[in-house]
Number of protein chains: 2
Amino acid sequence: MKKLVRLSDVAAAANTSAKTASRVINGDPRVSAETRLRVQEAVVRLGYRVDLLARSLRRGVDDTIGVVVESIADPFFAAVISEIELAALRRGLNVIVTSNRRLPNREVAIVDGLRQRRVAGMIITPHASDLSYLASTETPVVFVDRHPRNFAADVVTFDDRGGARTAVRHLLRYGHRRIAFVSDDLEIETSRNRHAGYVDALQEAGVPVVAELVATDCADAAVARRRTCDFLDLDEPPTAVFSARSETSLGVVKMLHDRKRTDIAMVSFGDFALADVLSPAITVLEQSPELLGRLAAERLFARLDGDRSDPVNTVIPVRLVPRGSGEIIPGGDAETAAVAGS
Amino acid sequence: MKKLVRLSDVAAAANTSAKTASRVINGDPRVSAETRLRVQEAVVRLGYRVDLLARSLRRGVDDTIGVVVESIADPFFAAVISEIELAALRRGLNVIVTSNRRLPNREVAIVDGLRQRRVAGMIITPHASDLSYLASTETPVVFVDRHPRNFAADVVTFDDRGGARTAVRHLLRYGHRRIAFVSDDLEIETSRNRHAGYVDALQEAGVPVVAELVATDCADAAVARRRTCDFLDLDEPPTAVFSARSETSLGVVKMLHDRKRTDIAMVSFGDFALADVLSPAITVLEQSPELLGRLAAERLFARLDGDRSDPVNTVIPVRLVPRGSGEIIPGGDAETAAVAGS
DNA sequence: CTGTTAGCGCTTTCAC
DNA sequence: GTGAAAGCGCTAACAG
């Protein structure tokens, strides 16, 4: 067991008290230049490193922020986390990441665990649980992607409903009337909002919402793929598909290609790798997970710095990027699309 | 400031000592059933939660493991982290994730920071730095994807060299002689090994290694894309490309499609989303980041459980998955490939 | 089975 | 500018 160098050791070596050594370590100016030098020398010579646990215990908060997402493996959340980690490191904060994997009880357990660690703050993608007890906490919390249930807090989201409306309007403009909708469970707020935008656009165009064209049980690409297959097997298949999430888009794309039905138009909410390489290239609503992460971190840091103002609701706009698949006309084909898209 | 419930409060409420309450909390059997009940009742009534910082300080280690990867946003590492997090949570451990972003000094700073937090163990993708000082530490460390410099420790890697050899042999078997190689910097061990496998296969086939067909400066997809472009512009372009990493494969694929040169064969070390949807579908060496994460976590846990045996070197095999792009013959085209591949 | 004492390593009083 | 004492909340050591 290698002996740990403590602050008192440094103090002894520098012929001063632990408190003064502590002052030097923490950059307190009220130390004479001479003493400071002696301490710094001792720190280097002994190879002293602050014990962050002891410091955090004494200070009452840990220099760590907790991040809770749905799945770390999801490229979207991975990008969000990465950005948060970058911002945190610049501030000298550690990041503990956890995933709720959509298990409500796990979600609460995880959040509680973070509190027990006295994290300085949290950034959470809320799932099903009621986390309103967090409102009574000192610990600042910023929610991302979705709103928490039953209480007001800082939230950063995308313009889900507006974006979906834009996408479906786009398809309508190209002449589509039978537009399928593929999404995750409507229990999830983002799905719900995107579905609402889909309905908005159809209604304002006087196009009826048809149940057989709506699949809202696609938790992953595999299910989205099967549902797309079902669509294709309808007596009157859709001429366009709006996929509400990158993950589901992968499934839709796969099936359209498997069945060689790339004459069917498609727009994806959320970009994904190779979307621009496929033929036709996939028209997407571009949302920046990096920006989401950055804004959430900024909001949290503002709270850590003492911002006590009312909860802020940040909505990030999304942008339609036409690439071909969204510009296919009903009964048209990929060739037409490529031309129309450019 | 909400008053925190301490263990002593629970003890008082249960009419016992802090130590006994502590025993109950920690499941120590040497407590009478009656006392135990009283304590448990008090815990619930007061809403007591252990202070993990205080516990960790006292115990000397934190119930946290540190994970250092190159980039959290990389789907490969994201999958590794996700799997580690799952395993850790099952053991009641937290996970602090950090990325070195390929900055050597940052790498050391990060690892030191984790030590200062007294993490129970670490899982590290080593980059350039010499981390051999970790050898003298009590903290167990498992390295993933690459070996650390200058010391022996548990390592979990893929069969990089063997896999690359397999891939290139595969292309040679289909008649290719001008096979390009695209990878990241050879400073990185995985790139180096995959390059070695590439050279192995060419040499055993008596095919010379041509410098103009080797690009080892592709840190990301964008560079890989440009290098692929350079290849295509050669007087005598390659008839096949072996890409040593999923990330670079994205760039290669993009350029081949941009230039409509999907008659050129290609194999990717590492699978990626939609690889099977492209036409031709991309032949890959399948490596499982999940398995890598799981095995690394298991190794670390074994060490945490007191395993003091010699360092273990785990090599995970990779599997060639023919999908079409790797079965294109020189001078052939995508159609031929699709047929040959099935 | 239970309790007392001590102390993890640091920083916050508060005094000098 | 400096330092002594106290204690963050918990648990290891050692009694009883």
Side-chain angles (χ1 to χ4, degrees), chain A residues 1-40 42-43 46-64 92 113 115-120 138, chain B residues 1-40 42-43 46-64 92 113 115-120 138:
Chain A
M1 184 68 99
K2 202 162 120 191
K3 203 75 199 150
L4 223 62
V5 183
R6 283 157 308 166
L7 190 55
S8 58
D9 300 328
V10 173
N15 233 311
T16 180
S17 73
K19 179 56 204 173
T20 300
S22 166
R23 287 202 180 92
V24 175
I25 304 286
N26 292 291
D28 188 320
R30 295 172 315 183
V31 179
S32 73
E34 196 197 343
T35 315
R36 158 165 291 116
L37 227 62
R38 279 210 317 284
V39 172
Q40 286 168 336
V43 165
L46 302 179
Y48 172 75
R49 329 242 59 176
V50 195
D51 184 317
L52 294 174
L53 285 181
R55 170 184 281 175
S56 298
L57 174 62
R58 185 64 253 233
R59 289 193 176 162
V61 281
D62 197 2
D63 284 338
T64 299
R115 287 218 304 164
Q116 284 175 63
R117 295 197 56 81
R118 304 207 185 192
V119 293
E138 302 301 306
Chain B
M1 186 68 97
K2 202 162 119 191
K3 203 73 198 149
L4 222 64
V5 183
R6 282 157 308 166
L7 189 55
S8 59
D9 300 329
V10 174
N15 233 314
T16 180
S17 72
K19 181 58 202 172
T20 300
S22 166
R23 287 201 181 92
V24 175
I25 305 285
N26 293 289
D28 188 320
R30 295 172 314 183
V31 179
S32 74
E34 195 199 343
T35 314
R36 157 165 292 114
L37 228 61
R38 279 212 316 286
V39 172
Q40 285 168 337
V43 165
L46 301 179
Y48 171 76
R49 330 242 58 175
V50 197
D51 184 317
L52 294 174
L53 285 181
R55 169 184 282 177
S56 297
L57 175 62
R58 182 64 251 224
R59 289 193 177 163
V61 281
D62 197 1
D63 283 337
T64 298
R115 287 219 303 164
Q116 284 176 63
R117 294 200 54 82
R118 302 201 186 201
V119 292
E138 302 303 305

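By convention in this document, chain letters (A, B, ...) are assigned in the order of the sequence lines, proteins followed by strands, and residues within each chain are numbered from 1.
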Worksheet entry | A:Arg118 side chain near D:dG9 phosphate (N/O to OP1/OP2, under 4.0 Å) |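 For D:dG9, OP1/OP2 do have a side-chain N/O of A:Arg118 under 4.0 Å.
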Between [X] ([atom1]) and [N] ([atom2]), how many Å, whole number?
{"X": "A:Gln116", "N": "D:dC10", "atom1": "CD", "atom2": "C1'", "result": "13 Å"}
{"X": "B:Leu7", "N": "D:dG7", "atom1": "CG", "atom2": "P", "result": "18 Å"}
{"X": "B:Leu53", "N": "D:dC8", "atom1": "CG", "atom2": "P", "result": "15 Å"}
{"X": "A:Leu57", "N": "D:dC10", "atom1": "CG", "atom2": "P", "result": "9 Å"}
{"X": "A:Leu37", "N": "D:dT2", "atom1": "CG", "atom2": "C1'", "result": "17 Å"}
{"X": "B:Asp51", "N": "D:dT11", "atom1": "CG", "atom2": "P", "result": "9 Å"}
{"X": "B:Arg59", "N": "D:dA13", "atom1": "CZ", "atom2": "C1'", "result": "15 Å"}
{"X": "B:Arg6", "N": "D:dT11", "atom1": "CZ", "atom2": "C1'", "result": "16 Å"}

Residues two or more places apart in sequence or in another chain: which of them pass side-chain hydrogen bond (donor to acceptor under 3.5 Å, both in side chains) with [X]?
{"X": "B:Thr16", "value": "none"}
{"X": "A:Ser8", "value": "none"}
{"X": "B:Thr20", "value": "B:Ser17"}

Fill in: Distance (rounded to the nearest 0.5 Å) between B:Leu37 CG and B:Glu34 CD
8.5 Å
Worksheet entry | CG-CG distance between A:Leu7 and A:Leu46, expressed to the nearest 0.5 angstrom | 11.0 Å
Nearest heavy-atom pair of [X] and [Y]: which atoms, and what distance?
{"X": "B:Tyr48", "Y": "B:Ile25", "result": "CE2-CD1, 3.8 Å"}
{"X": "A:Ala13", "Y": "A:Ala42", "result": "CB-CB, 4.0 Å"}
{"X": "B:Gln116", "Y": "A:Arg49", "result": "CG-CB, 3.7 Å"}

With [X] via side chain to side chain contact (heavy atoms under 4.5 Å, CB included) - residues at least two apart:
{"X": "A:Ser56", "result": "A:Asp62, B:Leu53"}
{"X": "A:Asn15", "result": "A:Arg38"}
{"X": "B:Val24", "result": "B:Val31, B:Arg36, B:Val39, B:Gln40"}

Worksheet item: Looking for any heavy atom pair under 4.0 Å, which part of the strands does A:Arg36 touch: base, sugar-phosphate only, or nothing?
Response: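 Contact class for A:Arg36: none.
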Practice prompt. State which residues pass salt bridge (Lys or Arg N to Asp or Glu O under 4.0 Å) with B:Asp51; sequence neighbours excluded, sorted by chain then number.
Written response: A:Arg118
Worksheet item: Which pairs count as salt bridge (charged side-chain N to carboxylate O under 4.0 Å, His left out) when at least one residue sits in residues 52-61 of chain B, sequence neighbours excluded?
Response: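 Qualifying pairs: none.
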Fill in: Selection: residues 24-35 of chain A, any non-hydrogen atom under 4.0 Å of DNA chain D
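Under 4.0 Å from DNA chain D: A:Arg30, A:Val31, A:Ser32, A:Thr35.
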Practice prompt. Check DNA chain D against residues 12-21 of chain A and give the residues with a non-hydrogen atom under 4.0 Å, in numerical order.
Written response: A:Thr16, A:Ser17, A:Lys19, A:Thr20
Fill in: Close side-chain approach of A:Thr64 and B:Arg117, heavy atoms under 4.5 Å
yes
Worksheet entry | Inter-axis angle, terminal five-pair segments of the helix from C:dC1-D:dG16 to C:dC16-D:dG1 [nearest 10°] |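 Overall, the helix from C:dC1-D:dG16 to C:dC16-D:dG1 bends by 30° from one end axis to the other.
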Worksheet item: On DNA chain C, which is the earliest and which the latest nucleotide, 5' to 3', with an atom closer than 4.0 Å to a heavy atom of chain A?
Response: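 The protein-touched segment is C:dG9 to C:dT12.
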